[in-house]
Each structure stands twice: as structure tokens, then as C-alpha cells.
Amino acid sequence: MIKVLFFASLRDAAGTDDFTTCADGIADVRDLVKKMLDELPSALGDALEGETVMVSVNQKYAGWDATLNDGDEVGLLPPVSGG
Amino acid sequence: MIKVLFFASLRDAAGTDDFTTCADGIADVRDLVKKMLDELPSALGDALEGETVMVSVNQKYAGWDATLNDGDEVGLLPPVSGG
Amino acid sequence: MNQPYTSHIYICESDFDIAEQYKAACEAAPHSGAVVFFVGLVRDMYSGRDNQDSVEYLELQHYPVMTESLCEEIVHDAHQRYSFEHVRLIHRVGKLYSSEQIVMVAVASQHREGAFLAAQFVMDHLKTRATFWKKEVGTLGAQWLGVKDKDEIAVKRWD
Amino acid sequence: MNQPYTSHIYICESDFDIAEQYKAACEAAPHSGAVVFFVGLVRDMYSGRDNQDSVEYLELQHYPVMTESLCEEIVHDAHQRYSFEHVRLIHRVGKLYSSEQIVMVAVASQHREGAFLAAQFVMDHLKTRATFWKKEVGTLGAQWLGVKDKDEIAVKRWD
């Protein structure tokens with residue numbers, strides 16, 4: 001299984017904190033997002049188009065083409081605004 | 001009268017906090033210091049030679065050639081080291 | 001080679017006490033002659049606006065584990081450049097009302113230059129790299145903030 | 001044109017309390033989103049030496065009236081360059097033992113950049129312009145300090 005976590009505006013758009021899917025047929029983050037968007041509200045797809053979303057794999061910044069393995073945790077991260 | 005205040009190493013060398021003298025015949029700070037050194041320990045003269053001493057007149061930084069008037073307060077200020 | 005340092009990094013909903021944090025910083029850095037503190041507070045104005053609209057509260061979210069590890073990394077990077085004995089970094093999350101404390105960075109160092117620079121380095125990188133998100137809620141409604149342009153510019157000076 | 005500011009400048013023998021000072025700074029600057037504190041402490045080492053010799057205490061002297069007026073001037077100069085709402089500057093004089101607090105500068109500002117820069121500006125100028133003198137007393141005997149070369153260099157960056 002691969003788990004996706006949503007934050008901030010993406011969490012609002014997804015209407016959920018996270019999404020879990022079977023790792024079969026998922027090679028990288030793009031595959032994962034494609035599969036995820038089939039199952040989640042279209043507002044999430046719009047939100048992903050709308051801003052520069054960063055990606056993390058297992059709590060480390062990664063690229064959209066990062067390869068994924070069963071058990072990975074992926075974060076979809078809108079521009080940060082702490083401090 | 002003109003009052004001179006000593007600080008830090010100059011106070012130690014003068015052996016006193018201050019020195020007061022009549023303003024007669026004193027045109028500028030150099031005149032004042034010359035007159036003062038006749039009356040105070042020679043250690044003070046050595047100390048004045050030894051470092052870059054700054055001067056204040058009436059609590060404002062001034063030059064060694066600043067003109068003096070009766071009632072002025074002159075500070076002899078070794079390099080500062082606060083903070 | 002810089003002296004070793006210790007750090008205390010903490011992300012929490014609860015408020016922090018400056019007097020306690022200052023005492024802890026001094027105790028953790030007995031040879032330091034300089035302590036620099038930065039505290040960020042919730043402003044009552046919307047970000048980038050200077051008008052009558054007012055923010056009632058912020059909603060702060062973060063990515064647990066990842067945020068802590070990024071903060072450790074930022075402090076470590078600061079220490080590659082500046083000498084200090086101890087750093088404390090506390091960042092609150094959850095609902096924070098106008099004038100509440102959001103974030104604190106304290107750096108204790110032998111000399112003031114290192115303490116000032118390390119505190120600024122940590123804040124600039126925290127703003128642009130650490131996984132926190134802030135939503136302003138007030139008279140204009142609710143909006144998530146992104147990285148500010150000026151923070152993007154500020155962080156570039158360390159490149 | 002920068003917003004007006006208020007300041008609290010105080011030179012005294014007695015110690016100051018960081019929690020009280022922080023509270024006073026926040027109250028004096030209700031619109032500020034950033035507070036930067038600098039605290040300078042008595043180190044147990046002689047200035048410019050990194051060895052076993054230890055300082056027992058400092059003797060701090062100043063020129064009353066002139067010092068206060070120079071501190072006002074420094075804060076005013078800082079405000080010509082950086083925007084802030086409030087500054088607090090406290091400097092102790094008299095006999096100060098190892099690890100005691102010597103000086104505190106607190107700046108409250110809308111944004112962090114101004115607060116950090118103003119605090120650094122004030123400290124750099126205080127070190128090189130304000131009429132304070134420090135004598136170190138310890139295992140090496142007693143010696144008055146002068147301006148440090150590195151402070152002379154530090155203050156030049158504001159020219």
C-alpha cells in the first residue's frame with residue numbers, strides 16, 4: 001500500500017487528510033496522483049494544477065518523478081508558510 | 001570654572017574622578033589639558049600619551065581643538081568598551 | 001571546525017514561556033556571552049494588506065515527523081556556518097489568535113555575530129523550507145498563505 | 001517615512017528581568033509581529049583569550065547623561081534606516097560577576113528583518129560609540145578594555 005497525505009489547501013480540496021491505495025502499477029509519484037484523482041473530488045485536481053505543489057516521499061522532499069515502493073508515504077505539499 | 005571628568009584607565013591614572021580649574025587663559029581643550037597636567041600625577045600624562053583618548057564638551061563628542069567657555073564640562077574618554 | 005552544539009526543537013499546540021526558555025538557553029550554554037531571541041506573534045492584519053480588514057485567528061498545520069526533521073536540518077546547516085552553543089526552536093500549531101506567540105528561535109553563542117546570524121538563518125529557512133501552513137481567518141474570510149516573495153528573496157542571501 | 005517609535009533607555013546597577021522586559025515590549029508595540037531580543041552576559045574568559053585564565057567580575061563605568069544621550073541618538077539613527085515600533089535598551093554598570101546579564105536590546109517591529117537589523121545596528125554602535133568602559137578582574141589581574149578590532153570592523157558595515 002502507498003499512503004498519500006494532504007496538507008492545507010490540498011486537504012480542503014481533497015475533503016480528507018489522506019488517501020491509501022494499492023502499490024500495483026504505480027512506478028512514480030505521477031502514476032500515484034493519476035490513480036488518486038480518479039477516486040477523489042475534481043477540486044483536488046484543480047488545486048494541484050493551481051499551485052506549485054511540492055512532493056515528499058517518506059518525509060523527505062522528492063521530485064514528481066520519484067519512484068515509489070510498497071509502504072511509501074507520499075506528502076503533497078502546497079507552498080509552505082510557517083514562522 | 002571648567003570641570004574635567006576622568007573615566008576608566010584615565011581615572012585610575014589621575015587618582016581622582018574629576019578636576020576643576022578657573023577658565024582664565026584656557027581657549028581650547030589642549031590648553032585645559034596642559035594646565036591640568038601641571039597639577040595632577042604624571043601617570044595621567046603618560047596615560048593620555050598611551051592611547052587614543054576622545055574628548056567631550058558638555059556631554060557631546062568634540063575635538064581636541066574645541067574652544068572652551070566658562071562653565072563647560074570636559075570629558076576625557078579612553079576607547080569605549082560597553083555592551 | 002565549530003564547537004559542538006545542543007538543540008531543543010519542539011512543535012506543539014501549547015504556548016511557550018519566554019522566561020523559561022531564556023533560562024533553559026542560558027543553562028544549556030554556560031560559556032555563551034550572547035543570547036539572541038526571536039519571537040513571532042500573530043498580527044491582526046492580513047498578510048500583505050495594510051487596511052481595516054482584520055485577522056481573528058490563524059490555523060497552523062504541519063507535517064509531523066517531516067517538520068521536526070527539517071528543523072533539525074536547518075539548525076545543522078546554520079551550525080555549518082556559524083558558531084553557537086545552543087539553539088531552541090519552538091513552533092506552535094493549531095488555532096492561534098491575534099497577538100499570540102507563534103514561533104521562537106533562541107541562539108546562545110560566545111559572540112553576538114554568530115547568535116544574530118544563526119537566528120536569522122534559521123528563521124529565513126524555516127519560512128521557506130519547513131512544512132508548516134498558515135490559514136488566516138477574519139473579516140475577509142479564510143485563506144491559506146503561500147511562501148511570501150520577500151521570504152523567497154530573504155533566503156537567497158544565504159546561498 | 002517610517003512610523004513613529006517609542007523607546008525605553010535605562011542605565012542602572014540593578015539586574016533586569018527578561019520576562020518583564022518582553023512583556024513591556026509587547027505592550028508598547030501592539031501591532032508588531034516580531035520581537036528580537038539580544039542579551040549580553042559576562043563571560044568567564046578574558047577578552048580575546050581562550051585559555052584557563054578566568055574573569056571573576058567586570059567593573060562597568062559610564063558617563064552619566066552623555067551615555068543616555070548617545071543611546072537615544074543610536075536608537076534614532078537605527079530608526080532612520082529600519083522600521084520598528086519600540087526599542088528597549090538596558091545597560092548595567094558597577095560590579096558584574098561571571099554569567100550575569102550586562103546589556104539587553106529588544107526591538108519590536110511589524111516584520112522580522114527590521115527587528116533583527118535594528119537590534120544589530122544598536123549593538124554595533126553601542127559597542128563603539130556609547131561611553132561605557134569595562135574592566136576585567138580575575139586570575140590575570142585587572143585590565144580596562146578598549147574597543148575591539150572586530151567591533152570596529154562590525155560597525156563599518158553600516159556606513
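Bear in mind that the values here come from a model prediction, so they are computed numbers and not experimental data.
Residues of residues 111-134 of chain C lying within less than 4.5 angstrom of chain A, judged on heavy atoms, are C:Met123, C:Leu126, C:Lys127, C:Thr128, C:Arg129, C:Ala130, C:Thr131, C:Phe132, C:Trp133, C:Lys134 in numerical order. At a heavy-atom cut-off of under 4.5 Å, chain C is reached by no residue from residues 18-31 of chain A. Scanning residues 74-103 of chain C against chain A with a 4.5 Å non-hydrogen threshold yields C:His91, C:Ile102, C:Val103, sorted by number. When the heavy atoms of residues 22-39 of chain C are compared with those of chain A, none of the residues falls under 4.5 Å.
Considering OG of A:Ser9 and CG of C:Leu145, their distance stands at 10.5 Å, rounded to 0.5 Å. Going from atom CD of C:Glu68 over to atom CD of A:Gln59 covers 10.0 Å, rounded to the nearest 0.5 Å.
Proximity to chain C is limited to the side chain of A:Asp12, based on heavy atoms less than 4.5 angstrom apart. Of the atoms belonging to C:Leu58, not a single heavy atom falls under 4.5 Å from chain A. In this structure, chain C has heavy atoms under 4.5 Å from both the backbone and the side chain of A:Leu77.
Nearest heavy atom pair, residue A:Ser81 against residue C:Gly146, reads CB-O, 3.7 Å.
More than 12 heavy atoms of other residues, nucleotides or ligands shown are found within 6.0 angstrom of OH on A:Tyr61. Atom CG of C:Asp149 is surrounded by 12 or fewer heavy atoms from other residues, nucleotides or ligands within 6.0 Å.
Between C:Tyr63 and A:Ser56 the shortest side-chain heavy-atom distance falls below 4.5 Å.
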